[in-house]
Amino acid sequence: MNIIVTVKQVPDTHEVKIDPKTGALIREGVPSIINPEDKNAIEEALRLKKSSDDGEVTVLSMGPLQAESTLREALSMGVDRAILVSDRAFAGADTLATSYTLSMAIKKIERYDLILCGSQTIDGETGQVGPQLAEWLDLPQATHAEEINIQGNLVTVKSNFDSVTRVMEMKTPALITVSNRINKPRYKHMNKVLRAYRDKAVVTWSKEDLKLNPIRIGLNGSPTWVRKTFVHSHSRDGIVVEKPAANCAEDILDFILEKALLKL
Amino acid sequence: MPVIVHEEKCTGCKLCVAACPYTVISMQEEKAVLLPGCTYCGACIDTCEFGAITFEDFQGRLCMDVALFKGTHVFIEHDNQTASKVSLELLGKARGLADEFSRQGKDQLVTAILIGYELGDMADELIAYGADHVIVVNDESFKMYRTDIYTKAIVQIAGVKKPEILLFGATAQGRDLAPRIASRLRTGLTADCTALEICKDEGILLQTKPAFGGNMMVTIACPDNRPQMATVRPGVMKKYPRDPDKIGTKEVMKIDLDENDFIIHIRDIMASTKKHVKLEDAEIIVAGGHGVNNQQGLKILETLSDELGAELGASRAAVDEGWIGQDHQIGQTGKTVQPDLYIACGISGSLQHLAGISQSKYIIAINTDRKAPIVSASDVTFIGDLFQIVPVLKDKIREYKKRTD
Ligand SMILES: Cc1cc2nc3c(=O)[nH]c(=O)nc-3n(C[C@H](O)[C@H](O)[C@H](O)COP(=O)(O)OP(=O)(O)OC[C@H]3O[C@@H](n4cnc5c(N)ncnc54)[C@H](O)[C@@H]3O)c2cc1C
Ligand SMILES: Nc1ncnc2c1ncn2[C@@H]1O[C@H](COP(=O)(O)O)[C@@H](O)[C@H]1O
């Protein structure tokens with residue numbers, strides 16, 4: 001069983017702050033991490049690999065060279081191989097261009113039974129790259145997986161689809177995006193961390209290494225353009241009341257009655 | 001930027017014929033020939049393994065023939081009986097966009113795409129909720145949602161109708177389906193939009209969505225490709241008031257399927273056993289956060305919520321603690337709500353939480369911390385202990401109800 005996991009390096013959005021004057025995102029000092037659900041995908045890949053006789057888990061990322069640290073973290077979790085697709089020409093890619101570029105890297109990898117992605121990133125929050133990648137590669141897909149089982153060349157996926165749970169079956173090769181409820185990702189193991197730095201290489205592929213159609217990559221290959229970013233103002237300039245609890249309760253009831261909100 | 005076929009390289013393999021979403025490639029004497037109506041999407045160029053199809057005078061960036069595309073199409077999600085709420089909200093939004101277009105001198109129809117089996121009078125309902133035209137695909141194969149053939153059906157419809165705008169709910173289904181379609185059509189897609197408007201100068205769709213955990217809003221446009229596609233968050237758009245006298249047309253379409261189209265098999269669909277939480281529809285919501293301390297704290301809020309006939313919501317912190325189920329979560333990664341009154345108890349008001357409640361008509365907060373961000377985001381904040389205020393409030397409401405009985 002050969003599994004490819006796509007991972008993205010993202011800023012830790014818990015740490016992201018907004019400059020109150022300019023409304024811009026302050027990225028300085030914000031740590032870069034593996035997108036959290038991509039860790040779930042790695043964990044699931046390692047689990048599935050263990051239950052089959054042989055095969056490899058490869059992590060694949062598209063991003064700037066600094067994303068190598070993310071791939072090293074993946075190696076330290078126990079994956080066999082890491083590939084970083086990196087080139088100036090890929091900058092500005094939206095999900096269509098990203099998924100296209102990843103698909104061409106996967107075609108170069110050639111041997112795979114399963115592709116696992118996170119359901120969604122915490123920066124772009126689109127959840128589109130997985131299904132779009134499946135389409136470029138002409139693979140069956142299942143999104144938001146909470147359980148994956150493999151028997152021979154059949155993969156069964158259980159997904160939570162809003163108010164229903166769906167169980168789907170498809171033939172490998174297939175692409176699955178995993179939810180953070182599928183497992184608890186392992187912490188990196190110290191010995192493995194050391195080995196990840198010492199033994200294993202992160203392979204980097206540039207534009208020249210892939211058979212790309214230039215009309216589909218980077219900014220020019222991206223149909224969508226960011227026109228504007230801004231910070232939502234949630235301010236209501238409301239009033240603040242500090243009184244004994246009973247009076248507060250009285251005031252709230254008055255507010256509800258005054259606005260005719262109580263249904264009798 | 002026309003597409004040209006280099007006859008000497010064409011091997012007659014027909015891959016391009018299958019790839020063309022607009023069915024404008026035919027084979028003549030074993031060579032691909034382009035028929036009129038090509039949109040320049042480039043799908044054939046991607047597919048041709050022999051470099052036999054290229055753009056002429058290519059300027060670096062692909063620009064489709066956007067003038068060929070007209071109207072707004074809305075994909076309708078349903079349970080074979082009733083359309084989902086978000087689908088009706090999208091029809092309402094599409095109506096608003098059509099009005100904006102007509103102010104700009106462009107007449108645009110709102111079309112609902114209704115795919116399923118034994119659909120009853122749903123098409124008429126969609127017209128009453130704002131559709132001018134309904135495309136109906138009624139076939140047993142479509143009884144349950146499946147990514148494979150639903151993609152094929154919508155791509156076929158989009159290929160024939162060439163909509164300028166194509167909208168989906170940002171539900172599990174919409175977010176499974178729309179990206180696949182966008183890839184096949186070689187167009188852009190914006191996920192989880194909370195606002196859509198037509199740009200006054202360019203007449204294109206401006207799509208606004210949150211990013212970076214609600215820290216930031218991003219407005220995205222898709223100027224050179226069509227359709228302009230978006231998934232839209234449930235609960236943010238307004239339904240069009242139901243008008244049973246509204247006139248509209250219906251059209252039945254047939255999708256050609258063969259067995260190779262079925263690549264995903266549905267083995268089972270289980271309804272969640274949990275009671276459905278109707279936060280999106282609630283008029284009043286009482287919500288608890290980390291400040292309720294434990295499950296018991298939420299129970300106290302629940303008694304207030306019951307007394308008010310309200311729904312119970314929660315911040316992610318309360319959900320992560322396991323005090324309440326995830327379907328109660330409000331905010332960026334939870335639900336977007338728009339009640340008349342939102343009572344936030346023990347919630348600090350992180351951006352991610354505020355992202356889900358900012359459309360509430362009134363917000364009242366109960367919090368011990370005068371400096372919490374929820375204070376400036378509320379109409380009235382009561383500085384105090386929720387464990388003291390909430391039980392008294394509940395009793396007072398009960399008394400009031402008794403008095404006026
Ligand atoms: C990518 C991302 C997505 C997220 N999505 C969401 C989301 O969808 N929804 C969401 O809610 N959060 C979300 N979060 C988390 C969010 O950042 C906050 O961590 C969370 O909203 C905090 O919840 P809270 O206000 O309940 O807890 P806290 O921030 O801990 O606030 C508790 C509040 O209770 C008050 N309090 C304590 N005791 C009492 C008392 N006795 N009486 C009255 N007040 C009291 C305190 O003063 C404090 O203000 C997301 C975060 C990220 C990074
Ligand atoms: N640049 C990238 N490199 C590798 N994988 C990616 C990249 N962007 C997105 N992905 C994958 O696609 C998933 C969904 O991302 P998104 O569509 O950005 O929300 C992620 O969880 C990753 O598995």
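Proteins come first, then strands; the chains are lettered A, B, ... in the order of their sequence lines, and each starts at number 1. Atoms considered below: every heavy atom in the structure, side chains included; atoms not considered: hydrogens, waters and symmetry mates.
Put simply, the side chain of Met270(B) reaches to within 4.5 Å of the side chain of Val167(A), judged on heavy atoms. A heavy-atom distance below 4.5 Å is not found between the side chains of Lys361(B) and Lys259(A). For the pair Ile252(A) and Ile364(B), the minimum side-chain heavy-atom distance is below 4.5 Å. Residues Val241(A) and Ile383(B) have side chains not in contact (no heavy-atom distance under 4.5 Å, counting atoms from C-beta outward). A 4.5 Å side-chain heavy-atom check between Tyr145(B) and Arg166(A) finds at least one atom pair inside the cut-off. Between Asn213(A) and Asp46(B), the closest side-chain pair of non-hydrogen atoms falls below 4.5 Å. Contact of the His234(A) side chain with the Leu351(B) side chain is registered, since non-hydrogen atoms from C-beta on lie closer than 4.5 Å.
The structure places CG of Asp94(A) at 8.5 Å from CD1 of Ile220(B), a figure rounded to the nearest 0.5 Å. In this structure, OG1 in Thr208(B) is found 6.5 Å from NZ in Lys228(A), a value given to the nearest 0.5 Å. Note: Ile122(A) CD1 to Gln332(B) CD = 11.0 Å, rounded to the nearest 0.5 Å. Considering CD1 of Ile256(A) and CG of Leu393(B), their distance stands at 5.5 Å, rounded to 0.5 Å. Atom-to-atom distance recorded for Asn225(B):CG and Leu96(A):CG is 8.0 Å, nearest 0.5 angstrom. Rounded to the nearest 0.5 Å, atoms CD1 (Ile397(B)) and CG (Leu253(A)) are 6.0 Å apart.
For a residue to count as touching a neighbouring chain, one of its non-hydrogen atoms must lie under 4.5 Å from one of that chain's; by this rule Thr404(B) touches chain A with the side chain only. Proximity to chain A (any heavy atom under 4.5 Å) is shown, for Ile374(B), by neither the backbone nor the side chain. Contact of Lys394(B) with chain A is not made at all, since no heavy-atom distance falls under 4.5 Å. For Tyr400(B), the part sitting under 4.5 Å from any heavy atom of chain A is the side chain, from C-beta outward, and nothing else. Within the 4.5 angstrom heavy-atom criterion, no atom of Gln207(B) approaches chain A. Interface remark: Ser378(B) contributes backbone atoms only to the contact with chain A (heavy atom separation under 4.5 Å). For Asp268(B), the parts lying near chain A are the backbone and the side chain together; criterion is any non-hydrogen pair under 4.5 Å. Proximity to chain A (any heavy atom under 4.5 Å) is shown, for Pro373(B), by neither the backbone nor the side chain. Contact of Glu283(B) with chain A is made through the side chain alone, with heavy-atom distances under 4.5 Å. The contact between Pro11(A) and chain B is made entirely by side chain atoms (from C-beta outward), counting heavy-atom distances below 4.5 Å. The contact between Ile357(B) and chain A is made entirely by backbone atoms, counting heavy-atom distances below 4.5 Å. For Glu250(A), the parts lying near chain B are the backbone and the side chain together; criterion is any non-hydrogen pair under 4.5 Å. Interface remark: Leu219(A) contributes backbone atoms only to the contact with chain B (heavy atom separation under 4.5 Å). Trp225(A) touches chain B through backbone and side chain together, each having a heavy atom under 4.5 Å away. At a 4.5 Å heavy-atom cutoff, Ser119(A) makes no contact with chain B through either its backbone or its side chain. In this structure, the portions of Ile263(B) lying under 4.5 Å from any heavy atom of chain A include both its backbone and its side chain. Within the 4.5 angstrom heavy-atom criterion, no atom of Asp148(B) approaches chain A. Looking at Ser350(B), there are no atoms closer than 4.5 Å to chain A (heavy atoms on both sides), in backbone or side chain. With a 4.5 angstrom heavy-atom cutoff, Leu189(B) touches chain A via backbone and side-chain atoms both. Only the side chain of Leu262(A) comes within contact range of chain B, with at least one heavy atom under 4.5 Å from a heavy atom of that chain.
Other residues, nucleotides and ligands contribute over 12 non-hydrogen atoms within 6.0 Å of the NZ atom of Lys396(B). Atom NZ of Lys401(B) has more than 12 neighbouring heavy atoms from other residues, nucleotides or ligands inside a 6.0 Å radius.
Between the side chain of Arg186(B) and the backbone N or O of Arg216(A) there is no donor-acceptor pair closer than 3.5 Å. Looking only at distances, no side-chain donor or acceptor of Arg370(B) sits under 3.5 Å from a matching main-chain atom of Glu242(A). A donor-acceptor contact shorter than 3.5 Å is absent between the side chain of Arg267(B) and the backbone of Met168(A).
When Val10(A), Val30(A), Asp123(A) are each tested for a side chain to side chain contact (heavy atoms under 4.5 Å, CB included) with Phe212(B), only one passes: Asp123(A).
Gln128(A) and Arg175(B) share no donor-acceptor pair across their side chains, judged by distance under 3.5 Å alone. For Asp176(B) and Gln141(A), the side-chain atoms include at least one donor-acceptor pair closer than 3.5 Å.
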For Phe255(A) and Leu341(B): C-alpha separation, side-chain torsions, deciding distance, then whether side chain to side chain contact (heavy atoms under 4.5 Å, CB included) applies. CA-CA 10 Å; Phe255(A) 186 98; Leu341(B) 176 63; 4.2 Å; yes
